[in-house]
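Numbers here are sequence positions counted from 1.
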Amino acid sequence: MTTVYEPLLLVIVLIPVLALIPIVITRRNPNLRESWSLLAAAATIVLVLSLVPRVLESKLLVMPLFECAPGIELAFRVDGLGMLFAIVATVLWFVTTIYSVGYMRSLKEHGQTRYFCFFALAITSTLGVAFSGNLLTLYLFYELLSLSTYPLVTHHQDEEARVAGRKYLIYIVGTSIGLVLPAMMIIYRQTGSLDFTGLGILAGQAPTGMLGVVFLMMVFGFAKSGLMPVHRWLPGAMVAPTPVSALLHAVAVVKVGVFCVIRVVTEVFGVELTAALSFGDVRPVTIVRCVAAFTIVVSSVIALQQDGLKKRLAYSTIGQLSYIILGATLLTPLALTGSVMHIGMHAFGKITLFFCAGAIYVAVGKKNISEMVGIGRRMPLTMICFFVGSLSVIGLPPTGGILSKMYLVRGTLDAGTYAFLLVYLFSSLLNCAYFFPIVYKAFFCTDEERQWDGPVQEPPRWCIVPPVITAVLTVLLFVFPDIFLGLADVYARSVQ
């Protein structure tokens with residue numbers, strides 16, 4: 001790949017955090033305050049999209065900052081994986097900001113200025129991860145994201161929120177400090193570098209048992225990926241306002257987790273070393289595959305049992321994240337392409353579902369699925385958007401989710417791992433089982449079952465326009481997948 005110096009990377013990362021200044025200054029004027037958030041999001045989208053053509057030409061854009069120690073510097077760079085993630089984060093930041101205006105104002109939530117400030121800081125952290133040029137930069141922005149999203153998780157400041165916040169920090173920060181940080185130290189001692197490379201930082205190292213342990217420390221240390229058993233923070237974070245849940249479960253936090261795992265597999269250890277690591281007859285990569293497969297199935301079964309709509313969506317997210325991890329660890333080009341694509345495809349589908357859950361709560365004050373029988377008669381547009389989001393997460397046309405899942409399925413065939421093929425297919429059936437009854441009962445129920453009647457009553461337009469936008473984009477990603485597919489393919493080829 002051709003390396004190109006690109007100072008715009010620093011500008012893009014700084015825009016959201018610089019927006020904090022006018023947001024705070026104009027805090028007494030909500031319209032102006034939120035206009036700054038939208039303006040910053042729009043500017044970030046334009047700048048990110050301006051870089052796409054060069055990345056599609058297999059150019060590696062870099063922006064070194066300063067050296068911290070011999071062989072260690074803070075640096076930005078963007079390749080196909082980072083660019084796809086940056087597109088997802090910036091586009092959905094803009095849409096979620098619109099949704100936040102309707103949601104927070106309709107419910108008269110307190111601390112709205114604080115909310116928008118930490119939201120912007122979380123996006124800066126996400127972009128910092130997307131553009132990280134080495135493990136140190138990745139780790140620092142990973143931790144900044146954990147700290148900047150904590151006030152969002154605990155926004156309501158009641159006992160339930162504080163308990164969820166403590167669990168959030170224990171799982172997220174505890175694993176990264178306890179596992180990732182010492183693993184980074186070992187890698188630096190072994191190689192004298194933390195810079196990502198297509199062959200892997202550790203390429204050429206002997207596949208020792210110690211490196212196998214380091215591999216598992218890195219994978220499970222990035223607990224934002226939601227692999228069991230370090231997944232319990234994720235359902236607990238549902239106490240946050242719905243726009244925060246959408247940010248956590250569709251865009252920033254969870255996708256940062258799987259993003260980091262992909263980097264570990266492909267650019268810290270490299271495909272060849274990852275495949276060669278072993279503890280006697282047991283391979284660490286096989287352990288991760290099996291844990292991911294277990295997570296996919298078990299989380300889907302648990303989702304079936306949840307009556308709370310956001311809880312069901314949370315467990316669905318846990319399973320879908322493991323789709324990505326399993327695909328990445330299959331180590332085939334098609335599976336890796338599918339994993340990278342699924343970061344984007346799942347994000348647009350899942351954020352649509354969370355938007356709809358919040359819209360229902362704003363309009364009628366209901367959170368439980370059992371209280372939504374017949375609600376499609378009252379909120380038809382909301383439930384149509386929910387249906388589209390469901391199709392994407394399940395992996396059915398005409399939504400983009402089917403494309404990434406097709407690549408993942410083809411990747412299992414290339415790898416000859418037919419057991420994991422069955423896991424993907426069985427999980428998709430479970431996805432149908434926990435989504436389709438919600439939609440069916442919303443529209444098709446007997447008069448005796450119906451809990452909602454009367455005239456159409458959608459939520460305020462600031463709450464209904466965003467899910468319509470993301471539902472339309474989910475369909476457009478099926479019709480025009482070229483950018484996501486191209487970026488995923490460029491990345492997969494660069495690390496083989």
- Going by an N to O cut-off under 4.0 Å, is there a salt bridge joining E267 and R77?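 Judged by the 4.0 Å cut-off on N to carboxylate O distance, E267 and R77 do form a salt bridge.
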Could you tell me whether the side chains of [X] and [Y] share a donor-acceptor contact shorter than 3.5 Å?
| X | Y | value |
| --- | --- | --- |
| T154 | R162 | no |
| Y434 | S316 | yes |
| T97 | E34 | no |
| Y491 | T266 | yes |
| T149 | Y168 | yes |
| T470 | T352 | yes |

### Query
Given the side-chain rings of Y424 and F420, with only the six-membered ring counted for Trp, is the space between their centroids under 6.0 Å?
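No - the distance between ring centres of Y424 and F420 does not fall below the 6.0 Å cut-off.
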Could you check, using the six-membered ring where one of them is a Trp, whether F436 and Y440 have ring centers closer than 6.0 angstrom?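 F436 vs Y440: aromatic centres not under 6.0 Å.
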What are the two closest heavy atoms between [X] and [Y], and how far apart are they?
| X | Y | result |
| --- | --- | --- |
| F222 | G257 | CB-O, 4.3 Å |
| T337 | A488 | O-CB, 3.6 Å |
| G226 | T295 | O-CG2, 4.0 Å |
| G221 | T175 | O-OG1, 3.1 Å |

I438 and side chain to side chain contact (heavy atoms under 4.5 Å, CB included): which single residue from I375, L353, I369 fits?
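The option that passes is I369.
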Only one of L487, V340, V490 passes side chain to side chain contact (heavy atoms under 4.5 Å, CB included) with L81; say which it is.
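Exactly one option meets the side chain to side chain contact (heavy atoms under 4.5 Å, CB included) with L81, and it is V340.
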Heavy-atom check, side chain of C260 versus side chain of Y139, under 4.5 Å =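 C260 vs Y139: side chains apart.
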Problem set entry | Check: T242 and Y361 side chains under 4.5 Å, non-hydrogen atoms |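 In short, these two side chains do not touch, never coming nearer than 4.5 Å.
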Checklist entry - Is it true that a side-chain atom of T137 and a backbone atom of S132 form a donor plus acceptor pair closer than 3.5 Å? => result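 Not at all, since once roles are kept as given, no pair shorter than 3.5 Å links the two residues.
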Donor-acceptor under 3.5 Å (K405 side chain, V393 main chain) =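 Present.
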Taking the six-membered ring of Y142 as reference, does the NZ or CZ atom of K224 fall below 6.0 Å from its centre and within a 45° cone about the axis?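 The answer is yes, since K224 meets both limits relative to Y142.
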**Request:** State the SG-OH distance between C463 and Y103, to the nearest 0.5 angstrom.
**Result:**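 Atom-to-atom, C463:SG and Y103:OH are 8.5 Å apart.
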*Say you draw a straight line from CE of M104 to OG1 of T113; how long is it, rounded to the nearest 0.5 Å?*
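One finds 10.0 Å between CE of M104 and OG1 of T113.
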